Amino acid sequence: EEVIRLISFIDRMYSIFNLTYDIELSTRPEEKYIGSIDVWNKSEKALEEACHKAGHSCKINPGDGAFYGPKLDFMFRDALDREIQIPTVQLDFATPKRFGLFYIDENGEKQTPVMVHRAVLGSYERFLVLLLEQFKGVLPVWLSPVQVNIVPVNMKYHDEYCQKLKQILIDEDIRVSYDDSKEQMGKKIRQSNVMKNPYTLIIGDNERDNNLISFRKYGSEETMSMSIEEFISFMKKEIRRR
């Protein structure tokens, strides 16, 4: 039951990123393993049945299990169509014995449990690489480390209003950056696109004088304007959409 819950959790988590995978069941090594063959056979069967009950098939990877138990590997495809393993669900026959762990069964007798290890993200580095490849570097708004980048038309005249906007957005839990460098506006906008920021705010006289926000969505040349309150409402809807 625990393995079924883990597979279902992994399903839900990776569906958020539109990522799919295949499952491999790695079985008992031919040499250097602990536990009886009967325990291994039962455990491997239980893992296979858990996959089926969770709505998945699994490919058998014979002899590739750890010496202390079989495991399920969740295999993804990277941008070059190569297999990459991220999550793992591993059974462990050794650790409970080392710690003297036991439970009392229905007959009142002591039994040694089997430990379940799980690495839902696997290696953080591999997960992030897979994620960046999946989105081709263009992260959705809810996931982007910078959701809004503010670009002033002229630092001398628009800095104060930009600083005000930055603080308002921070207070609304919107992740924001402000390009207050000495570069020209055009270069700042190009740099914002290079960084693939979801929204770039372009702030000039009209915006400052009328408490407005003008912005461009990444990949679009169209500039839209709205009030600060409308923009905050718009951004929160974008973030919730995922």
Side-chain angles (χ1 to χ4, degrees), residues 2-30 33 43-92 115-149 174-175 177 190-200 216-220 235 238-242:
E2 178 62 24
V3 174
I4 295 172
R5 284 195 292 269
L6 280 172
I7 296 173
S8 297
F9 174 74
I10 291 170
D11 275 346
R12 293 194 301 273
M13 175 182 166
Y14 283 90
S15 67
I16 292 172
F17 306 106
N18 296 317
L19 292 169
T20 58
Y21 54 80
D22 296 314
I23 301 177
E24 291 187 359
L25 168 57
S26 296
T27 61
R28 174 175 53 86
E30 293 185 6
Y33 59 87
S43 298
E44 291 165 5
K45 184 178 180 182
L47 288 179
E48 187 172 11
E49 288 178 352
C51 287
H52 293 155
K53 288 180 180 178
H56 291 272
S57 60
C58 63
K59 173 186 173 184
I60 305 300
N61 194 2
D64 200 46
F67 73 92
Y68 51 83
K71 62 176 179 172
L72 296 176
D73 287 324
F74 294 72
M75 310 299 294
F76 296 77
R77 293 279 178 181
D78 67 10
L80 298 178
D81 202 35
R82 298 171 300 190
E83 278 194 331
I84 177 171
Q85 176 260 318
I86 306 290
T88 299
V89 174
Q90 169 78 59
L91 299 192
D92 183 351
M115 183 175 287
V116 180
H117 300 278
R118 88 287 188 276
V120 174
L121 289 179
S123 160
Y124 289 116
E125 293 82 3
R126 276 185 292 171
F127 172 71
L128 288 174
V129 166
L130 184 69
L131 202 58
L132 290 171
E133 288 181 338
Q134 168 73 6
F135 291 111
K136 297 179 175 60
V138 186
L139 296 175
V141 180
W142 71 272
L143 191 58
S144 182
V146 173
Q147 296 168 326
V148 171
N149 182 44
I174 295 171
R175 296 189 291 274
S177 65
R190 287 193 296 273
Q191 182 61 25
S192 189
N193 286 328
V194 167
M195 296 303 294
K196 296 180 170 58
N197 295 313
Y199 290 95
T200 299
R216 291 180 188 173
K217 185 175 181 178
Y218 176 78
S220 173
M235 282 301 301
E238 286 289 284
I239 292 167
R240 286 196 299 269
R241 280 176 53 195
R242 294 199 169 186

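All of these numbers come straight from a predicted model, not from anything done at the bench.
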Side chain to side chain contact (heavy atoms under 4.5 Å, CB included) between L19 and I86: does it pass, once the steps are laid out?
CA-CA 11 Å; L19 292 169; I86 306 290; over 6 Å; no
Is any side-chain heavy atom of E83 less than 4.5 Å from a side-chain heavy atom of R77?
yes
Any side-chain heavy-atom pair of M195 and V146 under 4.5 Å
no
Check: S220 side chain, R216 main-chain N or O, donor-acceptor pair, under 3.5 Å
no
Is the distance from the ring center of Y14 to that of F76 below 6.0 Å?
yes
Do we see a donor-acceptor contact under 3.5 Å between the side chains of N149 and T200?
no
Would you call the rings of Y21 and H56 parallel, tilted or perpendicular, taking 30° and 60° as the class edges?
parallel
Are more than 12 heavy atoms from other residues, nucleotides or ligands located less than 6.0 Å from atom CZ of R175?
yes
With a 4.5 Å limit on heavy-atom distance, are the side chains of Q134 and F17 in contact?
no
E48/K45 salt bridge by N-O under 4.0 Å criterion
no
Short side-chain donor-acceptor distance under 3.5 Å, Q90 and T88
no
Quick one: are D78 and V129 in side-chain contact, heavy atoms under 4.5 Å?
no
